Amino acid sequence: MNILPSERRVNGLGRIAEVSPTNVPADPREAARRLLGARLLGRGVAAVIVEAEAYGGPVDGPWPDSAAHSFRGPTPRSAVMFGPPGRLYAYRSHGIHVCANVVCAEDGVAGAVLLRAAVIEDGEPLAAARRGPTVTPVALARGPGNLCSALGITLLDNGIDLFDPHGAVRLELGVPLDAAAGPRVGVSTAADRPWRYWVSGRPEVSAYRRSPRAPAPGASD
DNA sequence: ACGATGATCCGCT
DNA sequence: GCGGATCATCGTG
């Protein structure tokens with residue numbers, strides 16, 4: 001029920017200021033777990049991450065991942081993924097939505113974490129204003145596109161340093177949390193790989209949907 | 001230059 | 001559960 005142990009809580013959902021490393025594990029799977037419970041501060045809204053997915057890189061890298069944008073090497077869109085860790089990789093999905101990743105691998109290596117859902121901790125009226133009048137509180141930042149919308153993250157933020165204390169969008173790590181794990185949402189390849197992590201029981205976690213293009217569960221790929 | 005394809009979302013049934 | 005919106009991106013020719 002609680003995101004953090006009760007003695008660490010602030011405002012029912014909070015986390016702690018003194019535990020705020022400025023880096024994230026290089027391995028995208030460890031980084032995704034580590035980002036659960038982290039606080040994302042974006043343009044008047046604070047939100048605690050409760051769902052994230054790990055993405056690797058090309059076949060010759062440490063985490064070959066055919067589902068990653070970086071799989072076929074750097075392109076103009078995916079260039080940030082090959083840069084230094086701690087940066088924001090923001091991309092447009094389906095022409096409309098913006099999705100946010102935290103680059104975790106070392107400079108020159110592709111590896112990142114897609115932020116999929118968060119609990120609005122502060123600035124809920126602003127998040128609601130961005131999302132629209134019919135959206136319920138648990139859905140404000142449920143889903144990667146909705147999360148960016150609620151926090152005011154746009155493509156213009158692509159490449160910013162999330163650990164810059166003066167940045168417009170910032171990240172503060174929290175205490176490590178237990179994570180449930182399962183397959184990633186909507187990927188048509190590597191669809192069985194359990195690289196999606198979430199905080200059990202949180203209603204803000206998005207629903208799992210398998211890509212209709214993915215092979216039948218359990219088929220080799 | 002063109003066609004296929006989405007790391008999605010929302011509304012409808 | 002299903003399908004349409006909607007267009008940038010990327011690979012291919």
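Note that the structure is predicted; figures quoted are calculated from it, not measured. Chain naming here is simple, since letters A, B, ... match the order of the sequence lines and numbering starts at 1 in each.
- Closest to the side chain of Y89(A), from the set dC10(C), dT5(B), dA7(B), is dA7(B).
- Y91(A) has its ring centre less than 6.0 Å from the ring centre of H69(A).
- Residue contacts for S211(A): at a heavy-atom cut-off of 4.0 Å it reaches no nucleic acid atom on any strand shown.
- Between the P atom of dT8(B) and the CG atom of L114(A) lies a distance of 8 Å, rounded to the nearest Å.
- D107(A) CG: more than 12 foreign heavy atoms inside a 6.0 Å radius.
- Heavy atoms of R77(A) sit under 4.0 angstrom from primed sugar atoms or phosphate atoms, though from no base atom.
- Pairing for dT6(C) is absent, with no Watson-Crick or G-U wobble pair whose two atom distances lie under 3.5 Å.
- Two different hydrophobic clusters hold V205(A) and V187(A) under the rule that ILVMFWY side chains link at heavy-atom gaps under 4.5 Å.
- Within the 4.0 angstrom heavy-atom criterion, only backbone atoms of the sugar-phosphate kind lie near N146(A); the bases stay farther away.
- A salt bridge does not link R87(A) with D164(A): none of the charged nitrogens is closer than 4.0 Å to a carboxylate oxygen.
- As a whole-Å value, the separation of I96(A) CD1 from dT5(B) C1' is 15 Å.
- A residue-by-residue look at R72(A) and H94(A) shows that H94(A) has its nearest nucleotide of DNA chain C further toward the 5' end.
- Across all strands shown, dA7(B) has no partner, as no Watson-Crick or G-U wobble contact with both distances under 3.5 Å is found.
- Rounded to a whole Å, the CZ atom of R213(A) is 7 Å from the C1' atom of dT5(B).
- Taking a centre distance below 5.5 Å and an interplanar angle below 30 degrees as the stacking criterion, Y91(A) does not stack against the six-membered base ring of dA7(B).
- Among the atoms of the strands shown, only primed sugar atoms or phosphate atoms (P, OP1, OP2) are found under 4.0 Å from some heavy atom of R131(A).
- With DNA chain C read from its 5' end, the first of the two nearest nucleotides for L155(A) and H97(A) is the one closest to H97(A).
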